[in-house]
Amino acid sequence: MRRLGSSTLPAPRVPVALRRLGALRGAALVAVAAALTGCGAPCEQLRDWVCDGRGEDYCVQVDGFLAKQQVDGDGKALEGEAREESCRYIMSNVELKHAYRFKAKERLLGEPYFEVRKNRKASESDDADAGEKKKPVVSRSTK
């Protein structure tokens, strides 16, 4: 019993069906939260990220590329839980994700990766003429 003001009211009784509904709702929320944290295995996520929607032929090449990149200390391809952990780590690091995508494009598609070697204003250059602006020197990486 609980007191409300000066009168005493009986405690509300929750029907069994509503209690079960609350438990089901809680279980559903847990399932939704688990689904939102990651769809699929980490290596599937990494493959999809590197493939970047380029088609199944390219994705098959990406599978080979990733197998060559993910190796242990002896140079053997990672398998099982070690491979899953590697994929999970790569997917958790934004710089690594982008590095894998760009390196795959460079090796598999031949897309050049340019690095700016020198980018200075004309006033900062020792040998630049006063009115002449130098263009930045861009070279293709051979890595």
What heavy-atom pair brings [X] and [Y] nearest, and what distance separates the two atoms?
| X | Y | answer |
| --- | --- | --- |
| Tyr100 | Phe65 | O-CE2, 3.8 Å |
| Ala67 | Ala77 | O-CB, 3.9 Å |
| Pro42 | Glu84 | CD-OE1, 2.9 Å |

What is the distance from atom [atom1] of [X] to atom [atom2] of [Y], rounded to the nearest 0.5 Å?
| X | Y | atom1 | atom2 | answer |
| --- | --- | --- | --- | --- |
| Leu108 | Lys103 | CG | NZ | 11.0 Å |
| Leu46 | Tyr89 | CG | OH | 13.5 Å |
| Glu81 | Ser86 | CD | OG | 11.0 Å |

| Hydrophobic cluster identity match, Leu96 and Val62, side-chain contacts under 4.5 Å | yes
| Connected via hydrophobic side-chain network under 4.5 Å: Leu78 and Leu66 | no
| query | Are Glu111 and Glu106 close enough that some pair of their side-chain heavy atoms sits under 4.5 Å apart? | reply | no
| Taking side chain as C-beta onward, heavy atoms only, is Cys43 less than 4.5 Å from Arg83? | yes
| Are the side chain of Asp52 and the backbone of Arg54 linked by a donor-acceptor contact shorter than 3.5 Å? | no
| request: Check whether any side-chain N or O of Trp49 sits under 3.5 Å from a backbone N or O of Lys97 as a donor-acceptor pair, and report yes or no. | output: yes
| query | Which disulfide (SG to SG under 2.5 Å) pairs, counting each pair once, include a residue from residues 46-76, with sequence neighbours left out? | reply | Cys51-Cys59
| query | What residues form a salt bridge (Lys or Arg N to Asp or Glu O under 4.0 Å) with Arg47, not counting sequence neighbours? | reply | Glu56, Asp63
| query | Taking atom CD of Glu95 as the centre, does the number of heavy atoms from other residues, nucleotides or ligands within less than 6.0 Å exceed 12? | reply | no
